[in-house]
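Take a look at the structure below.
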There are 2 protein chains.
Amino acid sequence: MTEKYVQTLERSLDILEVLAQAEEPLGVTEIGNRISLHKSTVHRILQTLCYRGYVEKEKNNERYHLGLKIVELGIRFFNDLEIRKVAAPFLADLAKSFDEVVHLVLPDDGEVVYIDKRESSHVVSMRSKVGRRAPMHCTAVGKAILSTMPEEEVRQILKEKGMPKYTAYTVTNPDELLEKLKVIKQTRIAEEQEENEIGIVCAGTPIFDYSGRAIGAISVSGPASRIREKGLERIGQELKQAGEQISASLGFNYFGSAV
Amino acid sequence: MTEKYVQTLERSLDILEVLAQAEEPLGVTEIGNRISLHKSTVHRILQTLCYRGYVEKEKNNERYHLGLKIVELGIRFFNDLEIRKVAAPFLADLAKSFDEVVHLVLPDDGEVVYIDKRESSHVVSMRSKVGRRAPMHCTAVGKAILSTMPEEEVRQILKEKGMPKYTAYTVTNPDELLEKLKVIKQTRIAEEQEENEIGIVCAGTPIFDYSGRAIGAISVSGPASRIREKGLERIGQELKQAGEQISASLGFNYFGSAV
DNA sequence: AACGAGGTTTCAAATTTTGAAACAATGGAT
DNA sequence: ATCCATTGTTTCAAAATTTGAAACCTCGTT
């Protein structure tokens, strides 16, 4: 084959992803329309996904939705994530300490994926959700991770993902962001002042593994007024400490390169 | 093709599943050995799964583990499960009321899949885990669901899945189990007396959807002595009520067939 | 330095996959 | 009741992809 990826597998993953994104079950032709595939091809792939439990056909019509096998694989992997287990008590402490929303994310393909989220006692409408993605350029956790990367790699990510403007405060100039990342690299505390979500302020810090690579980040977020009242700097310091402790538990050696 | 399922897709799912079951990342040849595939075939499929984010290659060796895309699809679907959202407050109430472990399961391919689990304040070692499967013939939730099915369908499941003996109390005779299911069908309360796990006693009840089909079950479990002390019948009655309320919320009409 | 094992790449042959076409089913309009 | 449009399902020849044997590369061990 001329392409280097397996076409049938790519098509199958396309089907799974379009079902994941759909608000309701989809029929064969609709799926085919959405991903530009012939309905007989879609039908055959769906038969296989159904047989294996990854997709399920509704009982009273001919529409399909994701099946429990996806949950099984996803949650099994999710439950085994070392960083999530190690970080859990620290996240609980931070949530209790500040009574604000606390997150753990992992970087993935130039974005961050929310892996853990501790709610506060307040009702705060916030878009983050476990399993969901967010951009790096305008989130505290994203910037915390970017700040640990070589400039060339950062530029590559910004080029590939762009720098969409979510609020009036979103930084959309790569050079400007890279200047900010230099400061974050020093302090290891990333601040996000309503850059991703109006009214929400956030502090984030990276987590390193035994080899010295940033493999995640944690954050504390809340409404601007309340976070400023509690002191973003104080929150940042405790966050940084928690980040260091999590990193140490994962084998990161702060007194020299472990590579 | 002579077979009715897409071979390349089946092979790819085999790879994902073997990675999910592995306790640690696997190399190309090892994966090939475990699922009887040529290493060059495995390699090409892995390249595609990596490209799409479903598998990740470790940075410092040539071993592979599941990627975050699996988590993303699985959790997105998981979060959208209507029955899970509807049942959540009832599960919380039951957990608070009895201070024992509470479960929500969905049936899938002759087994049950744990969808929600509320822990108690006690330390109880129990095998159930969200995302995991369990047999139907010797769990309270499984029997609750089986009791709503026609006898022929139950026999089919018992034939396909067998009736493995987990404890001295596990019922392994289909006729005996079917007799018990008749009682459960009447009372809508399934009891499990150490049939799945020694020392653990459990009560379960089915959940119906708008069309009258059992689409799930809930249960309360704990150590035999404590559960008996609290009264399995009392627990069963409250459970049954909760099950009915959840079912009603899902559109089940108790005063006649909605089909 | 040599060897063994695992990973990666190539490409001709083998096999699978594809999608056009036909048929079946369903729901809506008349 | 009939007709029509749309979607779902099935078939199978042609097209295209996938496969895996073979070769090469890398790395760790002896």
Side-chain angles (χ1 to χ4, degrees), chain A residues 1-19 21-67 210-211 258-259, chain B residues 1-19 21-67 210-211 258-259:
Chain A
M1 72 188 184
T2 56
E3 299 179 29
K4 55 199 234 232
Y5 299 123
V6 180
Q7 181 183 252
T8 303
L9 174 52
E10 289 227 76
R11 288 175 161 186
S12 306
L13 298 176
D14 287 342
I15 290 173
L16 287 172
E17 287 171 11
V18 82
L19 289 177
Q21 287 154 18
E23 315 260 277
E24 57 189 5
L26 300 176
V28 172
T29 303
E30 180 58 29
I31 292 171
N33 289 343
R34 292 193 188 197
I35 60 176
S36 301
L37 261 191
H38 198 281
K39 61 186 179 176
S40 64
T41 303
V42 174
H43 191 264
R44 188 176 296 98
I45 291 175
L46 282 173
Q47 290 310 296
T48 307
L49 290 170
C50 284
Y51 169 64
R52 295 294 288 259
Y54 290 84
V55 163
E56 204 167 276
K57 189 179 181 186
E58 297 205 315
K59 290 296 196 295
N60 47 354
N61 60 38
E62 279 77 43
R63 300 201 301 166
Y64 298 82
H65 54 76
L66 288 184
Y210 68 93
S211 70
V259 176
Chain B
M1 75 193 182
T2 55
E3 297 179 31
K4 54 199 233 234
Y5 299 123
V6 180
Q7 181 183 251
T8 303
L9 174 52
E10 290 227 76
R11 287 176 161 186
S12 306
L13 297 177
D14 288 343
I15 290 175
L16 287 173
E17 287 171 11
V18 81
L19 289 177
Q21 285 153 19
E23 314 260 277
E24 56 189 5
L26 300 176
V28 171
T29 304
E30 180 57 29
I31 292 170
N33 289 342
R34 292 192 188 198
I35 60 177
S36 302
L37 260 192
H38 199 281
K39 63 185 178 178
S40 64
T41 302
V42 174
H43 191 263
R44 188 176 297 97
I45 291 176
L46 282 174
Q47 290 312 295
T48 307
L49 290 170
C50 284
Y51 169 64
R52 294 293 289 260
Y54 290 83
V55 162
E56 205 168 276
K57 189 180 182 185
E58 297 204 317
K59 289 294 195 297
N60 48 353
N61 59 39
E62 281 79 43
R63 300 203 297 166
Y64 298 81
H65 56 75
L66 288 185
Y210 68 94
S211 71
V259 174

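Lettering of chains follows the sequences in order, A, B, ..., and the numbering in each one begins at 1.
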Quick check: any donor-acceptor pair below 3.5 Å linking the side-chain of B/Arg63 to the base of C/dG6? no

Under 4.0 Å between a side-chain N/O of A/His38 and OP1 or OP2 of C/dT18, yes or no? no

Could you tell me how far apart B/Ile45 (CD1) and D/dT19 (C1') are, to the nearest whole angstrom? 10 Å

So, does B/Thr8 use its side chain to make a donor-acceptor pair with the main chain of A/Thr8 at under 3.5 Å? no

Output yes when a side-chain donor or acceptor of B/Ser12 lies under 3.5 Å from a complementary backbone atom of A/Leu9, and no otherwise. no

When we call it a touch if two heavy atoms are under 4.0 Å apart, what does B/Arg11 touch: a base, just sugar-phosphate, or nothing? sugar-phosphate

Just to be sure I understand the rule, does A/Thr41 reach a base, reach only the sugar-phosphate, or reach nothing, if contact means heavy atoms closer than 4.0 Å? base

Please give the angle, rounded to 10 degrees, between the axes at the start and the end of the helix from C/dA1-D/dT30 to C/dT30-D/dA1, where five pairs define each axis. 40°

OP1 or OP2 of C/dT8 versus the side-chain N and O atoms of B/His43: is any pair under 4.0 Å? yes

Expressed in angstrom and rounded to an integer, what is the separation of A/Leu9 atom CG from D/dT19 atom P? 10 Å

Classify the nucleic acid contact of B/Ser40 as base, sugar-phosphate or nothing, counting any heavy atom under 4.0 Å across all strands shown. base

Give the C-alpha distance, both sets of side-chain angles, the deciding distance and a yes or no for side-chain contact (heavy atoms from CB on, under 4.5 Å) between A/Leu19 and A/Leu49. CA-CA 12 Å; A/Leu19 289 177; A/Leu49 290 170; 6.0 Å; no

B/Gln7 CD - D/dA16 C1' separation (whole Å): 15 Å

Where the side chain of B/Val28 is concerned, which of D/dT18, D/dG8, C/dG7 is the nearest nucleotide? C/dG7

Assign each of A/Thr29 and A/Thr8 to its nearest nucleotide of DNA chain D by heavy atoms, then name whichever residue's nucleotide is nearer the 5' end. A/Thr29

A/Ile35 versus A/Arg11, closest heavy-atom pair with distance: CD1-O, 4.4 Å

What pair of heavy atoms forms the shortest contact from A/Tyr64 to A/Val28, and how long is it? CE1-CG2, 3.8 Å

Rounded at 0.5 Å granularity, tell me how far CD1 in A/Ile15 sits from NE2 in A/His43. 11.0 Å

Donor-acceptor pair, B/Arg63 side chain versus B/Pro25 backbone, under 3.5 Å? yes

Can you check the B/Lys4 NZ to D/dT9 C1' distance for me, whole Å? 14 Å

Starting at atom CG of B/Leu37, determine the distance to atom P of D/dG20, rounded to an integer number of angstrom. 7 Å

To the nearest angstrom, the CZ-C1' distance between A/Arg44 and C/dT15 comes to 14 Å

